[in-house]
A.B. asks: 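One structure coming up, written as structure tokens, with questions to follow.
The chains referred to below are lettered A, B, ... by the order of the sequence lines, with proteins before strands, and numbering in each begins at 1.
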Amino acid sequence: MTEPNTNALQQLYTALAGIPAGSVVTYGQLAALAGMPGRARWVGRVLSQLPEGSQLPWFRVINAQGRISFPPDSAAFARQQSRLLAEGVDFSASGRIDLNRFGLN
DNA sequence: TTCGTGACCTAGC
DNA sequence: AGCTAGGCCACGA
């Protein structure tokens with residue numbers, strides 16, 4: 001029979017694909033959207049294993065602190081940040097994003 | 001099976 | 001703002 005995880009994975013992909021350009025979500029929010037609250041870690045693991053050619057907007061996922069979950073000096077960080085900047089996502093001087101603009105606005 | 005690690009989160013200090 | 005601790009879960013050694 002179909003494992004519950006497979007379905008959750010589909011929900012995760014669907015939820016992620018539904019994130020509009022110019023906005024972001026946290027790993028925890030995405031987990032909740034996928035029907036698995038508290039499984040932020042699972043989301044992170046899934047994204048880490050995502051193929052490079054994926055159409056999914058993985059770059060619109062950031063951590064609960066409003067920061068990109070990559071070392072600031074890494075190529076991955078620069079890659080994600082430039083993608084977000086291209087969509088008009090604002091970064092503060094300290095490299096953070098105002099989550100209030102999305103989650104609570 | 002226990003341990004360490006990881007694109008995490010929240011609470012407390 | 002930084003650190004610690006607990007929670008969560010999957011994986012490899």
Side-chain angles (χ1 to χ4, degrees):
Chain A
M1 65 171 275
T2 67
E3 295 118 72
N5 195 336
T6 302
N7 189 36
L9 201 54
Q10 285 303 321
Q11 293 186 61
L12 174 57
Y13 289 147
T14 300
L16 179 55
I19 305 303
S23 82
V24 296
V25 288
T26 68
Y27 294 87
Q29 287 172 7
L30 199 52
L33 286 174
M36 300 200 122
R39 305 287 182 275
R41 221 163 188 160
W42 167 68
V43 173
R45 197 179 75 76
V46 172
L47 294 188
S48 72
Q49 295 168 4
L50 222 49
E52 293 187 19
S54 178
Q55 296 294 116
L56 293 173
W58 56 269
F59 49 86
R60 301 208 260 252
V61 186
I62 60 178
N63 62 33
Q65 300 175 48
R67 310 223 311 95
I68 290 175
S69 290
F70 281 117
D73 58 337
S74 67
F77 181 97
R79 194 157 53 239
Q80 181 168 9
Q81 185 177 46
S82 71
R83 288 275 232 151
L84 293 176
L85 288 173
E87 294 187 343
V89 176
D90 298 312
F91 285 79
S92 71
S94 57
R96 299 188 50 218
I97 299 173
D98 278 4
L99 292 179
N100 292 348
R101 288 177 107 227
F102 306 101
L104 299 178
N105 186 7

A.B. asks: How many angstroms lie between CG in A:Leu12 and CG in A:Leu50, if you round to the nearest 0.5 Å?
C.D. replies: 8.5 Å
A.B. asks: Looking only at heavy atoms, which two atoms of A:Phe102 and A:Gly22 are closest? And how far apart?
C.D. replies: CE2-O, 3.3 Å
A.B. asks: Keeping A:Asn63 on the side-chain end and A:Gln65 on the backbone end, is there a donor-acceptor pair under 3.5 Å?
C.D. replies: yes
A.B. asks: Hey, what do you get for CD (A:Gln11) to CG (A:Asn7), rounding to the nearest 0.5 Å?
C.D. replies: 5.0 Å
A.B. asks: Tell me, with the steps shown, if A:Trp42 and A:Leu9 meet side chain to side chain contact (heavy atoms under 4.5 Å, CB included).
C.D. replies: CA-CA 10 Å; A:Trp42 167 68; A:Leu9 201 54; 4.0 Å; yes
A.B. asks: Send over the distance from A:Leu99 CG to B:dC8 C1', rounded to a whole Å.
C.D. replies: 13 Å
A.B. asks: Under 4.0 Å, heavy atom to any atom of DNA chain B: which of residues 76-88 of chain A qualify?
C.D. replies: none
A.B. asks: Which residues pass the side chain to side chain contact (heavy atoms under 4.5 Å, CB included) test with A:Gln80, sequence neighbours left out?
C.D. replies: A:Trp58, A:Phe59, A:Ile62, A:Ile68, A:Phe70, A:Leu84
A.B. asks: Looking at every non-hydrogen atom in both residues, tell me the closest pair between A:Ala40 and A:Ala31 and how far apart they are.
C.D. replies: N-CB, 3.9 Å
A.B. asks: In whole angstrom, give the distance that lies between atom CH2 of A:Trp58 and atom P of B:dC8.
C.D. replies: 14 Å
A.B. asks: Taking all non-hydrogen atoms of both residues into account, name the closest pair between A:Ala34 and A:Ala8 and its distance.
C.D. replies: CB-O, 4.1 Å
A.B. asks: Shortest non-hydrogen contact from A:Ala15 to A:Leu30?
C.D. replies: CB-CD1, 4.0 Å
A.B. asks: Could you state the CG-P distance from A:Asn63 to B:dG6, rounded to the nearest angstrom?
C.D. replies: 16 Å
A.B. asks: Looking at DNA chain C, which of residues 17-42 of chain A put a heavy atom within less than 4.0 Å of it?
C.D. replies: A:Arg39, A:Arg41
A.B. asks: What are the two closest heavy atoms between A:Arg67 and A:Pro72, and how far apart are they?
C.D. replies: NH2-CG, 4.5 Å
A.B. asks: With sequence neighbours excluded, give me every side-chain hydrogen bond (donor to acceptor under 3.5 Å, both in side chains) pair touching residues 43-56 of chain A.
C.D. replies: A:Arg45-A:Gln49
A.B. asks: So which protein nitrogen or oxygen atoms get under 3.5 Å of nucleotides 11-13 of chain C's nitrogens or oxygens?
C.D. replies:
{"residue": "C:dC11", "atom": "OP1", "partner": "A:Arg45", "partner atom": "NH2", "Å": "3.4"}

A.B. asks: How far, in whole Å, is B:dA7 from C:dA5 if one measures between their P atoms?
C.D. replies: 22 Å
A.B. asks: In whole angstrom, give the distance that lies between atom CD of A:Gln65 and atom C1' of B:dA11.
C.D. replies: 13 Å
A.B. asks: Which pairs, protein N/O on one side and nucleotides 1-5 of chain C N/O on the other, fall under 3.5 Å?
C.D. replies:
none

A.B. asks: Which atoms form the tightest heavy-atom contact between A:Ala17 and A:Pro57, and what is the distance?
C.D. replies: CA-CD, 4.1 Å
